[in-house]
Each structure stands twice: as structure tokens, then as C-alpha cells.
**Student:** 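Handing you this structure, nothing more for now.
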Amino acid sequence: MNEMSNRYPVTNRSKVRRLPKRGSAERAQVYAILDAHFLCHIGYVIDGQPYVTPTGYWRHGDRIYWHGSSASRMLRAQTAGIPVCLTVTLLDGLVLARSGFHHSINYRSVMAFGQAAKVEDLEEKTAALNAYVQRLYPGRNAEVRAIQPQELKATTLLGMTIEEATAKVRTGPPIDDEEDYALPVWAGVIPVRQIIGAPIADPRLAPATPLPSHLAPYADGEALDEVLSGTAKAAG
Ligand SMILES: Cc1cc2nc3c(=O)[nH]c(=O)nc-3n(C[C@H](O)[C@H](O)[C@H](O)COP(=O)(O)OP(=O)(O)OC[C@H]3O[C@@H](n4cnc5c(N)ncnc54)[C@H](O)[C@@H]3O)c2cc1C
């Protein structure tokens, strides 16, 4: 695939058929959604049985990484290389219409396809694991103790180069049947956000340990997707 292309290739598996106007293979839109969260669902098949595992992920260019214990069944199954379908969903609002049928949900979602395989290269593995911490808490790697060889060994890292990906987004008010707009039924959108709370210090915190400045974006009341996208008010 052309790395410079602004769009992922669209094939039979990634062609958005249902409400295609909400879909997009634009790389920038896929990245923006992937970068607004860090929880995904990874679908894969072992011996004909589908599994969908929720886990954390992070992105570097077109590579998506996830990790876990070397004893994890999911990670062991994916070690040899396995086709996966990874989805990310951001819930933005509850959409209330004038009929039950037209109730909906505002969301941003991504579906990405690729082959997952174990990352064996120690340099890539160390860099990627550090990047996970860095992605969530920029500057934290400089403060925490470095990863130990046995921790590296106990961790399996999976990487997937995105072959195809689509974003799908619903925004705006409900779409009712024209004759229903006259009904005296409340309709509209209830926005939904994941909001950061005030940090709770570990009861075993070493005395006089201050809250690090790299946690400033995680300010009480900020929206998680904006913190992760770097667009939160406290980020600047
Ligand atoms: C929070 C949330 C709630 C939803 N609620 C409903 C619901 O109640 N009913 C309903 O019918 N649909 C709902 N959807 C949309 C749903 O995800 C599917 O897009 C839809 O059901 C069509 O599925 P399909 O397999 O027929 O799509 P198709 O258009 O046939 O899918 C083809 C390809 O389009 C892309 N694609 C499809 N859906 C998505 C997606 N959501 N994100 C990114 N790429 C996608 C993929 O590449 C996929 O392989 C919801 C989505 C979200 C995120």
C-alpha cells in the first residue's frame, strides 16, 4: 500500500454498505478516532470459534499495538500471525426520536483489518512498550523506573499493520418520519462524555511526592477523548 495515500484501500470487506455517507476510509479520520481512545475490541477466530477481546491499544503510524501476559490465550493464539478485526467505539450521545424506531446513538467508530503477529525484535518491543506509557502520560517515562528484562520477557507484544480501515460517524439530531415532527414528544440528543475525576493518591505514596506536571491534562472535569487527543483545555 502507498504509505502516502490519504485513504486506505477499500475492498469487499471494508466497503461501507449500510449508510455509506457515515463511513470513510480517510486515514486522517481513522487516526483521529484511534487517537481519541485507547480501548478496543479485537476479533479473531481460533479453530472456527470467534473471540472478541477487549484490551488497550496504541498506534504508531499505521501500526497498532496491544500487549499482555505471555500466558494470555489471546496473545498466544495471535503469536504466529492471525487475521484480526479491531474496533474502537466512542460514544458521543443518546439520540431520542419521536418514535422508538428512530432512536439512535451518536458515535465515532473505527474498524481496522490486518494480520496480528508477535513483535520479537527487542528494540521495537521496548520502544513500543515505552510508547504506550508515553502515549497516555507524555513525559512519564522519564520519571518511572525503566522496564526490567524479566518484565520484557513476561510481556507479549502484538503488532498489526493496518491493511484496511474505515471510520463511521453519526452526529446530530434524530431523523424522524416527517409526519412525526408535529408530535408533542421531546426529542433531541443527550451528550455523553467520559470525564476525568480528581486524582486519588496511592495510600502508600512516598511522603511529599507531588502530582507530576505531566498529569496536568488529566484535570478534574476534562473529557478523556480530548485529553488523549491533546485538545483538552489543560493540555496547553
Ligand atoms: C455505538 C454504536 C451503536 C450502533 N447501533 C446500531 C444499531 O442499533 N443498529 C444498527 O444497525 N447499526 C448500529 N450501529 C452501526 C453498526 O456498527 C454497523 O455499521 C451497522 O449495523 C451496519 O453493519 P453491516 O455489517 O451491515 O455494515 P456494512 O456496511 O456491510 O459493513 C461493511 C464494512 O463497513 C465498515 N463498517 C461498518 N460498520 C462500521 C462501524 N460502525 N465503524 C467503522 N466501520 C464500519 C467495515 O469496514 C465493514 O467491514 C452502531 C454503531 C455504533 C458504533
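Counting starts at 1 for both ligands and their atoms, in listed order. Since the structure is predicted, the reported quantities are computational estimates derived from the model, not experimental observations. Side-chain atoms are counted along with the backbone in the values below, which use heavy atoms only and exclude waters and symmetry mates.
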**Student:** Can you confirm whether something in the protein, heavy atoms only, sits under 4.0 Å from atom 41 (N) of ligand 1?
**Tutor:**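 Yes, because at least one protein heavy atom sits under 4.0 Å from atom 41 (N) of ligand 1.
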**Student:** Quick one: look up the protein heavy atom nearest atom 30 (O) of ligand 1 and list residue, atom name and how far away it is.
**Tutor:** R17 CB, 3.9 Å
**Student:** Would D62 and Y31 count as having a side-chain donor-acceptor pair, cut-off 3.5 Å?
**Tutor:** yes
**Student:** Can you name the residues that form a side chain to side chain donor-acceptor pair (under 3.5 Å) with H37, not counting sequence neighbours?
**Tutor:**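 Checked H37 against side chain to side chain donor-acceptor pair (under 3.5 Å); matches are Q194.
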**Student:** List the atom of W66, the atom of A116, and the distance in Å for their closest heavy-atom pair.
**Tutor:** CZ2-CB, 3.6 Å
**Student:** Got a sec, which residues hit side chain to side chain donor-acceptor pair (under 3.5 Å) with D35, two or more places apart in sequence or on another chain?
**Tutor:**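 Expected list: R59.
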**Student:** Look at atom 3 (C) of ligand 1 and say which protein heavy atom is nearest, naming residue and atom and giving the distance to 0.1 Å.
**Tutor:** I105 CD1, 3.9 Å
**Student:** Could a heavy atom of L91 be found less than 4.0 Å from some atom of ligand 1?
**Tutor:** no
**Student:** Starting from atom 19 (O) of ligand 1, locate the nearest protein heavy atom and write down its residue, its atom name and how far away it is, to 0.1 Å.
**Tutor:**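 Going atom by atom, the protein heavy atom closest to atom 19 (O) of ligand 1 ends up being K168 NZ, 2.7 Å.
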**Student:** Among all protein heavy atoms, pick the one closest to atom 50 (C) of ligand 1 and tell me residue, atom and distance.
**Tutor:** Y107 CE2, 3.9 Å
**Student:** Provide, to 0.1 Å, the distance between atom 37 (C) of ligand 1 and the closest protein heavy atom, together with that atom's residue and name.
**Tutor:** M111 CE, 4.1 Å
**Student:** For the residue pair Q29 and V169, what are the closest heavy atoms and their distance?
**Tutor:**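 In terms of heavy atoms, the two residues are closest at NE2-CG2, 3.3 Å.
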**Student:** Quick check on contacts: which atoms of ligand 1 are under 4.0 angstrom from a heavy atom of S109?
**Tutor:** 40 (C), 41 (N), 42 (N), 43 (C), 53 (C)
**Student:** Report the C-alpha distance between T166 and Y8 in whole Å, list the side-chain angles of each, state the deciding distance to 0.1 Å, and finish with yes or no for side chain to side chain contact (heavy atoms under 4.5 Å, CB included).
**Tutor:** CA-CA 8 Å; T166 45; Y8 289 105; over 6 Å; no
**Student:** Measure from atom 36 (N) of ligand 1 to every heavy atom in V30, I33, T166 and give the option owning the shortest one.
**Tutor:**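 The residue whose heavy atom sits nearest atom 36 (N) of ligand 1 is T166.
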**Student:** Pull out every atom of ligand 1 sitting under 4.0 Å from any heavy atom of V16, numbered as shown with elements.
**Tutor:** 29 (O), 34 (O), 35 (C)
**Student:** Between R193 and D225, does at least one N-O distance fall below 4.0 Å, as a salt bridge requires?
**Tutor:**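 Counted as a salt bridge, because a side-chain N and a carboxylate O are separated by less than 4.0 Å.
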**Student:** Among protein heavy atoms, which sits nearest to atom 33 (C) of ligand 1, and what does the distance come to when rounded to 0.1 Å?
**Tutor:**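 Scanning the protein heavy atoms, the shortest distance from atom 33 (C) of ligand 1 goes to K15 O, 3.4 Å.
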**Student:** Among R13, R18, R22, which one puts a heavy atom closest to atom 27 (O) of ligand 1?
**Tutor:** R18
**Student:** Are F38 and Y132 close enough that their ring centers fall under 6.0 Å?
**Tutor:**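 Ring centroids of F38 and Y132 are no less than 6.0 Å from each other.
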**Student:** At less than 4.0 angstrom from any non-hydrogen atom of T89, what atoms of ligand 1 do you find?
**Tutor:** 1 (C), 53 (C)
